[in-house]
Amino acid sequence: SSGTWAGCEVFENYVSILDNPPDDEDCCICCEKLTHASGYGEGKKDEKVVFKLNRCSHMFHKLCILAMYESTTKNGSVQCPTCKTIYGEKHGNCPDGVMEYLTVPHSLPGNEGHQTKVIIYHISPGIQGPEHPHPGKRFSCRGFPRVCYIPDNDKGRKVLKLLTVAWRRRLTFTIGQSSTTGESDTVTWNEIHHKTESGRNDSGHGYPDDKYLDNVLMELSVQGVTEADLSS
Ligand code: NAD
């Protein structure tokens, strides 16, 4: 019923409710028996509800796993505290904007013979929402539109598709303090590196860099964006 899932809709697709939890197992979050009340909610409604994660089958009190989610990721994905299996899609808090891309007939250094995909991100200053560090306060945007470059080869085209998945999940930028400028409440890159220079690589943000596509594929996978997202 809506009562059961209210406030924990994120779990609805990943768990089942266990009607008869085993009486010889503990909840590894609160260390109480599964058949006893959650250490996180004694006296609360649902204190004895037990969730079983549906791929790894690990079991926890509903109130315990909810407390864990609220105090950690709170981003739409859930990680089993016992075996680290990840459920769901991680979503970020990138402000609204536009991602566009085009193909240009020039080669990046180290990628001779291939054209280039140019990605352009547009974000405008605004007011922070509840998902940002200072809700209600303004945020700034420096250096937008930000223009990025990817070689137009098979791996580069795959990276571009995955970057569009990351953008849809609001993972590309976040709001915080820029480590380059020190400014707070500003839009910054968020753990997925982009190449913002096309002609040289003095800054580390340009070409040539023959490791770049593999590195960014790794960074995308850390955010939960993988090739599996392209088939669905
Ligand atoms: P930041 O300094 O907080 O760093 C976050 C991440 O972005 C780090 O991983 C860092 O290595 C990476 N990063 C830093 N400078 C980068 C760059 N020039 N290109 C690509 N990645 C970079 O991040 P931030 O505040 O978002 O960006 C860093 C600076 O780069 C800012 O001052 C921004 O204005 C500037 N920038 C300007 C343009 C432009 O077209 N004028 C484009 C991109 C970035």
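What you see below is based on every heavy atom in this structure, not just the backbone, and it leaves out hydrogens, waters and symmetry mates. Whatever order the structure lists them in is the order used to number ligands and atoms, beginning at 1. A quick note: this is a predicted structure, and the numbers were derived from the prediction, not measured. Heads up: numbering here begins at 1 and tracks the sequence.
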Novice: Who pairs with Asp202 by salt bridge (charged side-chain N to carboxylate O under 4.0 Å, His left out), at least two apart in sequence or on another chain?
Specialist: Arg200

Novice: Kindly assign one of parallel, tilted or perpendicular to the pair Trp189 and Tyr121, based on the angle between their ring planes and the thresholds 30° and 60°.
Specialist: perpendicular

Novice: Over 60° means perpendicular and under 30° means parallel, so tell me whether Tyr69 and Phe11 are parallel, tilted or perpendicular.
Specialist: perpendicular

Novice: How many angstroms lie between NE2 in His114 and CZ in Arg157, if you round to the nearest 0.5 Å?
Specialist: 8.0 Å

Novice: Output all residues satisfying ring pair (Phe, Tyr, Trp, His ring centres under 6.0 Å) with His91, sequence neighbours left out; order by chain, then residue number.
Specialist: none

Novice: Collect the protein residues that have a non-hydrogen atom under 4.0 Å from ligand 1 and hand them over in chain and number order.
Specialist: Arg142, Gly143, Arg146, Ser178, Ser179, Thr180, Thr181, Val187, Thr188, Trp189, His193, His194, Thr196, His205

Novice: Thr116: which residues meet the side chain to side chain donor-acceptor pair (under 3.5 Å) condition with it, sequence neighbours left out?
Specialist: none

